[in-house]
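Right, one structure below, let's go through it.
Whatever order the structure lists them in is the order used to number ligands and atoms, beginning at 1.
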Amino acid sequence: MQVYQKSLWKETFTSFSKFGEIIKGECFDRNLNVLIVGCSDGKYVFPFLEQGHQVTAIDNDPVSLYGGEMKFKTDIIKIDGLVKNLILEGYAESACTVIQCDLMDFEYTNQYDVVLTSCSWHYSKNFKYPIKQIINKIKNFVCRDGLFFADYMMPIKEKHFVLEHYIPPNKLRNFFGQQWKIILDLDLGVIEEEPHIGKEEWHTHHYGAFASKKIF
Ligand SMILES: C[S@@+](CC[C@H](N)C(=O)[O-])C[C@H]1O[C@@H](n2cnc3c(N)ncnc32)[C@H](O)[C@@H]1O
């Protein structure tokens, strides 16, 4: 599965291809109920829709969902947003449920076969919640035999080491008890990235990738 090539975030690092292999191995050809937490304009929404899966996408940033403008360097960039992207790509409204809300306020009636979040929890808007509470909330979205995937930021700068939302290597697994089988727990090291929205210069990130299955 390839990330959506029109996303604002298409160039940022992800372990999505590894996640895709795990999904193929664990879920065979089933149709899946997928939840993308921090979906932005659809980087991970479209690859699941292309495979015929049902997607619920949540983000609390209205511009990423409904379009508008963002500042990048000296330019103002026009953003179509997820909802318009879905129309442009020809998807029926029923294919993807788009919800503008904070993940901590997301009241769900379903649990999901696949829950994926990519580089969301280090956003400052999340610092008011302990990281354990955020991860527990996301874990609860996963159904039995379902899969949890996260790309996340590990600490790299001094300021990150005092923030628990940048999780050091080998620590994320401690949030997952016996109910969970850890499938992937990677420290991907420091990766240099070109400028993108929110980061106007070449910069470095320390990425982690994690996958776990809820076994009972
Ligand atoms: C780095 S962006 C990446 C977007 C997406 N993962 C991608 O790669 O296309 C992270 C997204 O997570 C969203 N996000 C962060 N914290 C959130 C929260 N508490 N509730 C909902 N969305 C959140 C942000 O608004 C942002 O759109």
Does K125 form a side-chain hydrogen bond (donor to acceptor under 3.5 Å, both in side chains) with N60? I'd like the steps, not just the answer. CA-CA 10 Å; K125 58 190 165 192; N60 56 359; 2.7 Å; yes
Please tell me if the side chains of I134 and H165 come closer than 4.5 Å, counting only heavy atoms from C-beta onward.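 A side-chain contact exists here, since the closest heavy-atom pair is under 4.5 Å.
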Is Y123 in polar range of ligand 1, meaning some N or O pair under 3.5 Å apart?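 No; the residue has no nitrogen or oxygen that sits under 3.5 Å from a nitrogen or oxygen of the ligand.
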Identity and separation of the nearest protein heavy atom to [atom]:
atom                    : answer
atom 23 (C) of ligand 1 : N60 OD1, 3.6 Å
atom 6 (N) of ligand 1  : S118 O, 3.0 Å
atom 17 (C) of ligand 1 : K125 CE, 3.7 Å
atom 9 (O) of ligand 1  : K43 CB, 3.0 Å
atom 12 (O) of ligand 1 : G38 CA, 3.3 Å
atom 19 (N) of ligand 1 : N126 OD1, 2.7 Å
atom 20 (N) of ligand 1 : L103 N, 2.9 Å

Please compare P62, G42, S40 and report which has the shortest non-hydrogen distance to atom 4 (C) of ligand 1.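 It is S40 that holds the nearest heavy atom.
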Proximal candidate to atom 26 (C) of ligand 1 [heavy atom criterion; set D59, D61, T12]: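 Minimum heavy-atom distance to atom 26 (C) of ligand 1 goes to D59.
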Transitive ILVMFWY side-chain link I167 to Y207, under 4.5 Å: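 No, because I167 and Y207 fall into different hydrophobic clusters, even though each may have its own neighbours under 4.5 Å.
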Atom indices of ligand 1 within 4.0 angstrom of [X] heavy atoms, with elements:
X    : result
C119 : 1 (C), 10 (C)
S120 : 12 (O), 15 (C), 16 (N)
C101 : 20 (N), 21 (C)

Report yes or no: do Y4 and E89 form a side-chain donor-acceptor pair below 3.5 Å?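 Yes, E89 and Y4 have a side-chain donor paired with an acceptor closer than 3.5 Å.
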Measuring from non-hydrogen atoms of Y44 to any atom of ligand 1, is the shortest distance under 4.0 Å?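 A heavy atom of Y44 does come that close to ligand 1.
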Is the distance between the ring centroids of F210 and F176 under 6.0 Å?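 Aromatic pair counts; centres sit under 6.0 Å.
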Plane angle bin for Y91 and F46 - parallel if under 30°, tilted between 30 and 60°, otherwise perpendicular: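 Rings of F46 and Y91: tilted, 30 to 60°.
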Show your working on ring-ring contact (aromatic ring centres under 6.0 Å, His included) between Y108 and F141 and close with a plain yes or no. CA-CA 8 Å; Y108 54 99; F141 301 148; 4.9 Å; yes
Flag yes if more than 12 heavy atoms outside E201 fall under 6.0 Å of its CD atom; otherwise flag no.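 Atom CD in E201 is not crowded, with 12 or fewer foreign heavy atoms closer than 6.0 Å.
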May I have the step-by-step check of side-chain hydrogen bond (donor to acceptor under 3.5 Å, both in side chains) for S40 and D59, ending in yes or no? CA-CA 6 Å; S40 186; D59 204 299; 5.0 Å; no
